[in-house]
Structure formats: structure tokens, C-alpha cells
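Okay, so here's the structure we're looking at.
For this chain, numbers begin at 1 and follow the sequence in order.
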Amino acid sequence: MLRDEIGYRPALVSDAGELAAFGSEAFVAAYGHALNPGNLALHVARTYSEERQQRELEDPDAWTIIADRDGDIVAAAYLRWAAPPANLAPELRWAEIGRFYLAKPYWRTGISSDLMVATLASIRERQGELVWLQAWEHAEVALRFYRKWGFLEVGETPFHLGSERQRDLILARSLRGSRN
């Protein structure tokens with residue numbers, strides 16, 4: 001079974017190059033059809049450079065979980081301790097899911113659910129009790145997935161993709177008293 005072939009592990013600094021390539025490909029696969037090509041290219045170059053991935057992997061307040069199949073990254077979640085948007089309780093310790101991507105050949109296989117289990121467990125292991133994320137308002141599949149996992153819409157924020165201003169929804173959930 002495919003899901004049995006996937007291992008989950010913390011990313012290492014040595015994964016920066018592969019993580020940059022994976023992030024670029026996964027973002028384009030998920031959103032490339034709906035975005036201006038110039039803005040898409042600019043966003044990918046800024047967000048998924050190997051140097052940026054290395055900085056993120058070296059940040060003591062951030063970590064990335066990789067889903068690995070035979071040495072290849074098939075999914076990844078970038079997490080960090082980050083103050084939530086203003087309408088959420090800033091005095092509490094919040095983790096942000098900054099990125100949550102799955103390679104296109106693995107869509108609809110259950111691996112995204114397995115990655116979410118690993119993501120939430122990782123936050124709990126680090127004593128996190130609350131988690132938030134941003135998702136593009138037109139990313140209906142992603143929004144349904146997050147809502148299935150108990151994330152509720154709590155606000156919105158602008159998101160700049162190249163020269164475009166878009167609207168992201170802010171979703172949050174508590175990890176208190178739940179196993180998932």
C-alpha cells in the first residue's frame with residue numbers, strides 16, 4: 001500500500017536544495033493554473049530559493065516535516081512559532097502552518113491526512129496547543145481539507161503574490177483535548 005511506503009521526518013539543513021525544488025513544483029502544480037505567470041514566477045523565486053529554505057531550516061523557531069518515499073520528498077509542512085493575527089489571543093503560544101504541500105502524483109491518496117497527523121503531533125510534542133494558517137480564498141480543496149481537520153475561519157488578510165493583492169482566509173484550531 002502506498003501510504004505504508006511513506007516515512008515522516010524532520011527536515012535537515014542538507015535537505016534545503018531538494019525542499020526548494022519540491023516547494024516550487026508543488027506550488028505551481030496547486031496554483032499555477034489560476035495565477036498570472038509573471039507573478040507566479042516571482043513568488044516561486046522569492047519563496048522557494050535554496051537560500052531561503054536553508055535559512056528557514058536553520059531558524060530555531062521553525063521546523064519542517066518531510067514525507068519521504070524512497071529518498072524523494074512527496075509532501076512537506078513548514079511550521080513555526082508565530083504570533084497569530086490580531087484577532088486571536090496573542091498571549092498564548094501559537095504555531096503557524098506556513099506551508100503544507102503535497103506532490104501532485106500523491107493527491108487523493110490519504111498522504112495529506114497522514115502529513116496533518118504528523119504536523120499536529122509535532123506541534124503537540126513541542127508543547128503547542130493552538131495552530132493557525134492562511135489559505136487563499138479560492139483554494140477550495142485546501143479549505144475543505146483544513147475544515148475537515150477542525151480549522152475554523154477566524155479572519156482574513158491580504159496576501160501579495162508578485163504585483164497582485166489577493167485575499168487569504170485565516171483559519172485556526174485548538175489542539176487541547178483532541179488527538180487529531
Side-chain angles (χ1 to χ4, degrees), residues 2-3 5-59 62-80 82 95-119 122 131-149 151 153 156-171:
L2 175 64
R3 290 169 80 175
E5 298 175 23
I6 309 297
Y8 297 86
R9 65 174 177 83
L12 306 170
V13 173
S14 60
D15 293 315
E18 187 180 358
L19 200 54
F22 167 79
S24 297
E25 292 170 18
F27 186 85
V28 170
Y31 303 109
H33 68 282
L35 301 173
N36 168 286
N39 287 328
L40 176 67
L42 184 59
H43 177 76
V44 167
R46 286 181 181 163
T47 307
Y48 302 105
S49 70
E50 185 171 349
E51 295 78 19
R52 178 164 175 179
Q53 299 309 302
Q54 183 169 339
R55 282 193 311 273
E56 289 176 355
L57 292 168
E58 291 172 340
D59 182 347
W63 66 103
T64 297
I65 298 171
I66 288 176
D68 180 285
R69 181 180 186 209
D70 296 327
D72 293 323
I73 297 173
V74 300
Y78 168 67
L79 310 159
R80 65 186 182 140
E96 177 190 10
I97 300 175
R99 287 190 291 278
F100 190 94
Y101 294 142
L102 187 68
K104 190 171 185 173
Y106 297 90
W107 292 1
R108 301 192 197 305
T109 62
I111 293 169
S112 58
S113 291
D114 295 344
L115 179 61
M116 184 59 78
V117 168
T119 296
S122 176
V131 61
W132 69 280
L133 57 86
Q134 288 181 213
W136 186 34
E137 67 179 325
H138 299 296
E140 288 301 323
V141 172
L143 291 168
R144 275 194 307 274
F145 175 78
Y146 295 134
R147 288 177 179 131
K148 180 181 102 176
W149 279 92
F151 286 86
E153 185 177 331
E156 63 181 65
T157 189
F159 181 80
H160 296 277
L161 190 116
S163 62
E164 277 182 63
R165 182 179 171 170
Q166 299 180 347
R167 184 176 84 118
D168 275 5
L169 301 178
I170 299 168
L171 296 100

- [ ] Go through Tyr31 and His43 one step at a time and tell me if the ring-ring contact (aromatic ring centres under 6.0 Å, His included) criterion holds.
- [x] CA-CA 11 Å; Tyr31 303 109; His43 177 76; 8.9 Å; no
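- Separation of atoms CD1 (Ile66) and CG (Asp72) is listed at 11.0 Å; rounding is to 0.5 Å.
- Shown here for Leu42 and Gly162, the closest heavy-atom pair between the two residues is CD2-CA, 3.6 Å.
- Contact detail for Glu164 and Asn36: the closest heavy-atom pair is OE2-CB, 3.4 Å.
- Between Arg147 and Glu153, the closest side-chain pair of non-hydrogen atoms falls below 4.5 Å.
- In this structure, Thr119 OG1 and Trp63 CH2 are separated by 9.5 Å, a value rounded to the nearest 0.5 Å.
- In terms of modelled atom types and a separation under 3.5 Å, the side chain of Glu18 and the main chain of Ile73 share a donor-acceptor contact.
- For the residue pair Thr47 and Arg99, the shortest heavy atom distance occurs at CG2-NH1, 3.9 Å.
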- [ ] Given side chain to side chain contact (heavy atoms under 4.5 Å, CB included), test Leu35 with Gln166 step by step and report yes or no.
- [x] CA-CA 11 Å; Leu35 301 173; Gln166 299 180 347; 3.3 Å; yes
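- Between Arg80 and Asp59, none of the side-chain N atoms (NZ, or NE/NH1/NH2) sits under 4.0 Å from a carboxylate O, so this pair counts as no salt bridge.
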TODO: Run the numbers on Leu143 and Phe151 for side chain to side chain contact (heavy atoms under 4.5 Å, CB included), then give the verdict.
DONE: CA-CA 9 Å; Leu143 291 168; Phe151 286 86; over 6 Å; no
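- Residues Ser163 and Asn39 bring a donor and an acceptor atom of their side chains to less than 3.5 Å of each other.
- In plain terms, the two heavy atoms of Phe100 and Met116 that are nearest each other are CZ-N, 3.6 Å.
- Among the candidates Glu51, Glu58, Glu50, the single residue satisfying the side chain to side chain donor-acceptor pair (under 3.5 Å) test with Gln54 is Glu58.
- Using a 4.5 Å cut-off on side-chain heavy atoms (C-beta onward), Leu2 and Ile111 make contact.
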Open item on the list: Let's go through Trp149 and Leu171 carefully: what are the C-alpha distance in whole Å and the side-chain angles of both, what is the deciding distance for side chain to side chain contact (heavy atoms under 4.5 Å, CB included) to 0.1 Å, and is it a yes or a no?
Closed with: CA-CA 11 Å; Trp149 279 92; Leu171 296 100; over 6 Å; no
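- Note that NZ of Lys148 is 11.0 Å distant from CZ of Arg144, once rounded to the nearest 0.5 Å.
- The residues Glu25 and Lys104 are annotated as not salt-bridged, no charged nitrogen and carboxylate oxygen being separated by less than 4.0 angstrom.
- Pairing each heavy atom of Leu57 with each of Asp15, the nearest pair is CD1-C, 4.4 Å.
- How far OG of Ser112 is from CG of Leu102: 6.0 Å, rounded to the nearest 0.5 Å.
- Of all heavy-atom pairs between Tyr101 and Phe22, the closest is O-CZ, 3.6 Å.
- Here Ile97 contributes atom CD1 and Trp132 contributes atom CH2; the two are 10.5 Å apart, rounded to the nearest 0.5 Å.
- Taking OG1 of Thr64 as the reference point, atom CZ of Arg9 lies at 10.5 Å (rounded to 0.5 Å).
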